[in-house]
Amino acid sequence: MHEALQYFSRLGPFKKKVSAFEIKSREYYRDILPLICPDTKRPVTWVKGTFKNGSVVRRSHFRILTGSVRNDFNYHEYNKYRIESVQSEEHKKAKKVILEALSRKMATTRKDMFWNFAYNEVSDFYFRGNILFNAVKFEEEYCIKTILDKKLFLDIAVLGESVDNSPLLLFGIEVEKGHKFTGVKAILCKSLGFPFASIDISGMSLDEINVEWAEKALTLTTKDDAMGFRKNFVYLPPVLYPLHVRHENMILDIENRHSYIIFANEVTLKKIESELVYIRNSLGYDQKTLNISVVNGQKSRDALHQVQLAGETIGEGWEQLNNSQFLRVTVPRPNVKNGISNLHKFYLLMARSFLENDALVGYKYTTGRACAQSESSNDLWTAYQIFPGEKKKAIPHRFLPKLLSTPLLAAASQLGLSTNPS
């Protein structure tokens with residue numbers, strides 16, 4: 001089978017076709033999971049093509065998950081593998097030296113430990129973050145309860161100051177052999193509102209696993225390897241793309257503020273609004289700086305037009321959730337020097353609210369209405385690089401996706417990932 005249906009799409013859940021030949025990396029594959037067979041609607045897995053002496057031995061294809069392979073979406077099998085892996089001596093030592101490497105950096109004045117990666121499928125720009133920004137402590141075997149009522153354990157959690165008596169989870173780290181990124185884990189990660197790193201220790205001896213290795217492993221990029229490979233993988237939730245996208249040394253024709261568009265039923269929409277207003281007030285911001293408001297299309301024709309434009313930005317499916325109103329959150333870009341610490345906290349808490357409430361989330365790279373009316377058929381926004389003094393010169397660049405998150409509970413149910421507590 002060479003085609004599958006992708007859940008995450010502006011065409012609607014499991015409506016967009018993806019070819020097995022389009023998938024060039026396991027990172028991209030993990031990001032577009034879950035996938036199903038167009039005919040049977042059953043989950044599928046991607047099988048990478050193999051070559052020998054320059055000739056194709058096996059072409060890339062999709063395989064229906066049956067029998068033992070079905071375990072890709074079996075939470076108990078995923079948890080069993082996790083429990084077994086943490087008992088190895090290599091895993092224990094890796095976790096120990098990573099903690100030591102983090103603690104060493106925390107003790108320095110700069111407290112810098114940057115991750116970087118490029119993701120050409122979603123942007124011409126790269127993504128960057130500091131593992132230790134706003135960090136105050138680390139915890140081992142940190143348990144997270146996801147919206148699917150499934151637990152996800154982090155080998156190491158990087159935590160910030162408590163907000164409303166709850167530690168702020170800034171970054172997660174997991175030690176693995178070969179990045180065993182199952183369908184279960186892919187869905188669980190899509191419900192997390194923070195960056196998450198997987199560190200690969202496959203083929204390593206105990207002597208090779210040391211603090212110096214840990215420092216490099218946490219910050220490796222493909223440029224650090226002669227073959228363009230790296231033994232780490234950073235998963236960044238799309239709702240945090242606007243926080244971490246970087247375009248240094250390039251002037252873009254964009255505003256200093258951008259907007260999130262949120263669709264959900266009326267009760268959930270009010271709940272998200274209430275949560276975000278509480279967070280905003282707790283962090284000392286006002287409505288002018290962080291504008292959080294429901295646009296109700298029942299109040300005027302202009303408001304209804306705004307709802308329709310917001311829906312067109314997100315794509316199919318918004319009318320089934322709410323055809324008369326949406327929540328708009330307009331925030332400063334994270335290049336603001338004053339208050340960047342609290343702004344970082346707001347982005348993380350906002351992302352968590354969106355995901356925990358299983359909302360449909362879209363994005364506008366600028367606040368003007370013209371932004372919503374342009375490029376309606378494209379999944380990515382186009383931002384233009386401009387040159388001071390050269391008014392007629394402008395170079396288009398793919399900036400960020402219009403759709404950032406879709407409800408996960410329906411996908412989990414269809415895939416047989418039960419929402420019963422585990």
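The analysis underlying the following values was restricted to heavy atoms, covering all of them including side chains, and did not include hydrogens, waters or symmetry mates.
A 4.5 Å side-chain heavy-atom check between Ile261 and Val361 finds every atom pair outside the cut-off. Residues His344 and Phe133 meet the side-chain proximity criterion, which asks for heavy atoms closer than 4.5 Å. Residues Leu400 and Val122 fail the side-chain proximity criterion, which asks for heavy atoms closer than 4.5 Å. Between Ile173 and Phe138 the shortest side-chain heavy-atom distance does not fall below 4.5 Å. Contact of the Arg10 side chain with the Ile314 side chain is not registered, since no non-hydrogen atoms from C-beta on lie closer than 4.5 Å. Val239 has its side chain within reach of Leu404: a pair of non-hydrogen atoms, C-beta onward, lies under 4.5 Å apart. A 4.5 Å side-chain heavy-atom check between Pro34 and Ile187 finds at least one atom pair inside the cut-off. Using a 4.5 Å cut-off on side-chain heavy atoms (C-beta onward), Ser259 and Val329 make no contact.
Atom OH of Tyr260 sits about 12.5 Å away from atom CD1 of Ile292, to the nearest 0.5 Å. A distance of 10.5 Å separates CD of Gln385 from CG of Asp124, quoted to the nearest 0.5 Å. Separating the SG atom in Cys143 from the CG atom in Leu152 is a distance of 8.0 Å, to the nearest 0.5 Å. Atoms CG and CZ, from Leu355 and Phe194 in turn, are 10.5 Å apart once rounded to the nearest 0.5 Å. Taken to the nearest 0.5 Å, the OG atom of Ser353 stands 9.0 Å off from the CZ atom of Phe346. One distance of note links OG of Ser405 with CG of Asn357; it measures 11.0 Å at 0.5 Å rounding.
Both tests pass for Lys402 against the ring of Trp381: distance under 6.0 Å to the centre and angle within 45° of the axis.
Aromatic ring pairs are classed by plane angle as parallel below 30°, tilted from 30° to 60° and perpendicular above 60°; the pair Tyr363 and His258 is perpendicular.
Close placement of the Trp115 and His244 rings is indicated, their centers lying within 6.0 Å of each other. Aromatic ring centres of Phe263 and Phe326: separated by under 6.0 Å. Within the 6.0 Å centre-distance limit, the rings of Phe125 and His247 are counted as a close aromatic pair.
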Begin from the C-alpha positions of Glu139 and Lys137 and carry the test salt bridge (Lys or Arg N to Asp or Glu O under 4.0 Å) through to its verdict.
CA-CA 7 Å; Glu139 283 193 19; Lys137 64 178 181 178; 3.6 Å; yes
Dump the intermediate steps for salt bridge (Lys or Arg N to Asp or Glu O under 4.0 Å) on Glu212 and Lys216, then the final yes or no.
CA-CA 7 Å; Glu212 289 70 29; Lys216 293 179 180 178; over 6 Å; no
Going through the checks in order, is the salt bridge (Lys or Arg N to Asp or Glu O under 4.0 Å) test met by Glu100 and Arg104?
CA-CA 6 Å; Glu100 188 175 342; Arg104 280 188 185 183; 3.5 Å; yes
Derivation and outcome, side chain to side chain donor-acceptor pair (under 3.5 Å), residues Ser198 and Glu174:
CA-CA 5 Å; Ser198 171; Glu174 185 172 55; 5.3 Å; no
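Ala94 and Ile209 make their closest contact through CA-CG2, 3.5 Å (heavy atoms, listed as atom of the first residue, atom of the second, distance). Residue Ala383 comes nearest to Leu252 through the heavy atom pair CB-CD1, 4.3 Å, listed as atom of the first residue, atom of the second, then distance.
More than 12 heavy atoms of other residues, nucleotides or ligands sit less than 6.0 Å from atom CD of Glu141. In the displayed structure, Lys96 atom NZ is contacted under 6.0 Å by at most 12 heavy atoms of other residues, nucleotides or ligands.
Glu140 has a carboxylate O that lies under 4.0 Å from a charged side-chain N of Lys95, or vice versa, which qualifies the two as a salt bridge. Under the 4.0 Å criterion applied to side-chain N and carboxylate O atoms, Lys288 and Asp286 are not assigned as salt-bridge partners.
If you run ring pair (Phe, Tyr, Trp, His ring centres under 6.0 Å) between Tyr241 and each of Tyr126, Phe117, Phe127, Tyr365, only Phe127 comes through.
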